[in-house]
Peer 1: 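The structure is given below, and queries will be raised subsequently.
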Amino acid sequence: MKDIITVKDLCLWYGNTQALKNIEIGIKENAITALIGPSGCGKTTLLRVLMGLEKTYTGCVSGVPEKRSAVFQEDRLLEGLDALGNLRFALGTDYEEAKAAAMLTALGLTWETGKPVREWSGGMKRRVGIAQALLNEPEVLILDEPTSQLDPIAASDFLNTLRKINAELG
């Protein structure tokens, strides 16, 4: 497998604090790649660079497709909308209710029509965010602690769904 995303000699500073120092990584085509390290080592910062949210860095980042989605550590949902409303808003004209409902079901989420996500548990909200990212059908899916707030069964179900989707693409 070839690298589709390449990061070479990546450095990033926040004021006087160096967040990334000489990062080198190659991300393979149709592969699931994990960044593992202690809190504060720069994992989220690197993901923000890959998403195009951090622009002031040195080094080279190449091959990142335009069509990418992310699930961040914090939920990015409209709290007053229900699950399908959040998916409808995020996907715009690409929204298909049957696909959205099927994705929520695949992630083990049953929902009450009209119940705003602000009334849901953290794990349920997380699964809506994951559904949102997957339904975008990205070329690259960036996940920043996607299983946080999920119980072990829901986390396992999500990882299995991700492997299945990856196998279908591969």
Side-chain angles (χ1 to χ4, degrees), residues 1-79 81 86-87 89-92 94 103 107 117-118 121-152 154-170:
M1 279 193 276
K2 66 177 184 167
D3 288 346
I4 59 165
I5 298 174
T6 304
V7 176
K8 293 191 184 264
D9 200 29
L10 179 65
C11 297
L12 186 139
W13 292 80
Y14 292 122
N16 292 329
T17 304
Q18 188 166 22
L20 300 174
K21 182 178 180 181
N22 303 323
I23 302 298
E24 305 262 341
I25 187 171
I27 299 173
K28 306 283 185 213
E29 186 174 33
N30 295 324
I32 296 174
T33 304
L35 301 175
I36 300 171
S39 182
C41 75
K43 298 180 301 290
T44 296
T45 301
L46 175 57
L47 297 179
R48 288 179 52 80
V49 168
L50 294 176
M51 281 301 295
L53 300 173
E54 296 288 348
K55 307 236 187 243
T56 310
Y57 58 83
T58 61
C60 179
V61 177
S62 62
V64 180
E66 286 295 315
K67 189 157 183 168
R68 54 192 184 255
S69 284
V71 176
F72 295 96
Q73 289 182 30
E74 66 283 342
D75 294 317
R76 304 219 172 159
L77 301 173
L78 298 172
E79 294 283 322
L81 297 180
N86 268 280
L87 296 178
F89 178 82
L91 297 168
D94 292 332
M103 180 63 72
L107 293 170
V117 296
R118 78 172 145 262
S121 71
M124 292 170 74
K125 289 178 184 180
R126 175 56 43 134
R127 286 180 270 175
V128 174
I130 290 166
Q132 197 174 73
L134 291 172
L135 286 166
N136 267 324
E137 298 178 358
E139 293 177 63
V140 170
L141 178 61
I142 296 174
L143 306 168
D144 193 357
E145 299 189 28
T147 59
S148 68
Q149 301 183 44
L150 296 181
D151 62 70
S156 178
D157 288 347
F158 163 66
L159 295 173
N160 287 331
T161 300
L162 186 60
R163 285 185 196 100
K164 180 181 173 193
I165 291 167
N166 190 56
E168 290 170 2
L169 296 174

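Computed from heavy atoms alone, side chains included, the values below leave out hydrogens, waters and symmetry copies. Quick caveat: nothing in here was measured; it's all calculated off a predicted structure.
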Peer 1: If you look at every heavy atom in Gly63 and Ile5, which pair is closest and at what distance?
Peer 2: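 Shortest heavy-atom separation between Gly63 and Ile5 comes out as O-CG1, 3.6 Å.
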Peer 1: Check each of Thr17, Leu20, Thr58 against Leu12 using the side chain to side chain contact (heavy atoms under 4.5 Å, CB included) test, and report the only one that passes.
Peer 2: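 Looking at Thr17, Leu20, Thr58, the match for Leu12 under the side chain to side chain contact (heavy atoms under 4.5 Å, CB included) is Leu20.
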Peer 1: Answer yes or no: are there more than 12 heavy-atom neighbours, outside Phe89 itself, under 6.0 Å from its atom CZ?
Peer 2: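 Check fails, neighbour count at 12 or below.
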Peer 1: If we only count heavy atoms from C-beta on, is the Asp75 to Val117 side-chain gap below 4.5 Å?
Peer 2: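 A side-chain contact is absent here, since even the closest heavy-atom pair is not under 4.5 Å.
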Peer 1: Say whether, by atom type as modelled, one donor and one acceptor occur between the side chain of Lys43 and the main chain of Ala34 under 3.5 angstrom.
Peer 2: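 Looks like no, no N/O pair under 3.5 Å.
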Peer 1: Could you tell me whether Lys67 and Glu137 have a side-chain N and a carboxylate O separated by less than 4.0 Å?
Peer 2: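 Here Lys67 does not pair with Glu137 in a salt bridge, since their nearest N and O are not under 4.0 Å apart.
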Peer 1: If you take all heavy atoms of Ala131 and Leu107, which pair is closest and at what distance?
Peer 2: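 Taking Ala131 first and Leu107 second, the nearest heavy atoms are N-CD1, 3.6 Å.
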Peer 1: The test is side-chain contact (heavy atoms from CB on, under 4.5 Å); show your working for Leu91 and Asn136 and say whether it passes.
Peer 2: CA-CA 7 Å; Leu91 297 168; Asn136 267 324; 3.2 Å; yes
Peer 1: Kindly say whether Asp9 contributes a backbone atom to a donor-acceptor pair with the side chain of Glu24 at under 3.5 angstrom?
Peer 2: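 Judged by distance alone, yes, a pair lies under 3.5 Å.
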Peer 1: For a side-chain contact (heavy atoms from CB on, under 4.5 Å) check, start with the C-alpha distance between Tyr57 and Arg48, then their side-chain angles and the critical distance, and finish with the verdict.
Peer 2: CA-CA 11 Å; Tyr57 58 83; Arg48 288 179 52 80; over 6 Å; no
Peer 1: In Å and rounded to the nearest 0.5 Å, what is the OG to CG distance from Ser69 to Leu143?
Peer 2: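 Here the rounded value is 9.5 Å.
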Peer 1: Quick one: CG on Leu78 to CG on Leu87, what's the gap to the nearest 0.5 Å?
Peer 2: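 It is 10.5 Å, given to the nearest 0.5 Å.
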Peer 1: Please report the interatomic distance CH2(Trp13) to OG1(Thr56), rounded to the nearest 0.5 Å.
Peer 2: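 Nearest 0.5 Å value for the CH2-OG1 distance: 14.5 Å.
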Peer 1: Where do Met103 and Gln132 land on the side-chain contact (heavy atoms from CB on, under 4.5 Å) test, with the steps shown first?
Peer 2: CA-CA 9 Å; Met103 180 63 72; Gln132 197 174 73; over 6 Å; no
Peer 1: On a heavy-atom basis, which atom in Val71 and which in Gly129 lie closest, and how many Å separate them?
Peer 2: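 It is CG2-O, 3.7 Å.
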Peer 1: Using side chain to side chain contact (heavy atoms under 4.5 Å, CB included) as the criterion, point out the one residue from Val140, Val49, Val7, Leu50 that pairs with Val64.
Peer 2: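 The residue from Val140, Val49, Val7, Leu50 that satisfies side chain to side chain contact (heavy atoms under 4.5 Å, CB included) with Val64 turns out to be Leu50.
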Peer 1: I need the minimum non-hydrogen distance between Gln73 and Glu145, along with the two atoms involved.
Peer 2: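 Here Gln73 and Glu145 meet closest at NE2-OE2, 3.6 Å.
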Peer 1: Can you name the nearest heavy-atom pair linking Glu79 to Arg118, along with the distance?
Peer 2: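 In terms of heavy atoms, the two residues are closest at OE1-CA, 2.8 Å.
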Peer 1: Looking at Ile142, Val61, Leu35, Asp144, which one forms a side chain to side chain contact (heavy atoms under 4.5 Å, CB included) with Leu46?
Peer 2: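 Running side chain to side chain contact (heavy atoms under 4.5 Å, CB included) over Ile142, Val61, Leu35, Asp144 with Leu46 returns exactly one hit, Leu35.
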Peer 1: Please name the pair of heavy atoms, one in Ala133 and one in Pro138, separated by the smallest distance, quoted to 0.1 Å.
Peer 2: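 Residues Ala133 and Pro138, closest heavy atoms: O-CD, 3.4 Å.
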Peer 1: Hey, what do you get for CD1 (Ile36) to SG (Cys41), rounding to the nearest 0.5 Å?
Peer 2: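 One finds 10.5 Å between CD1 of Ile36 and SG of Cys41.
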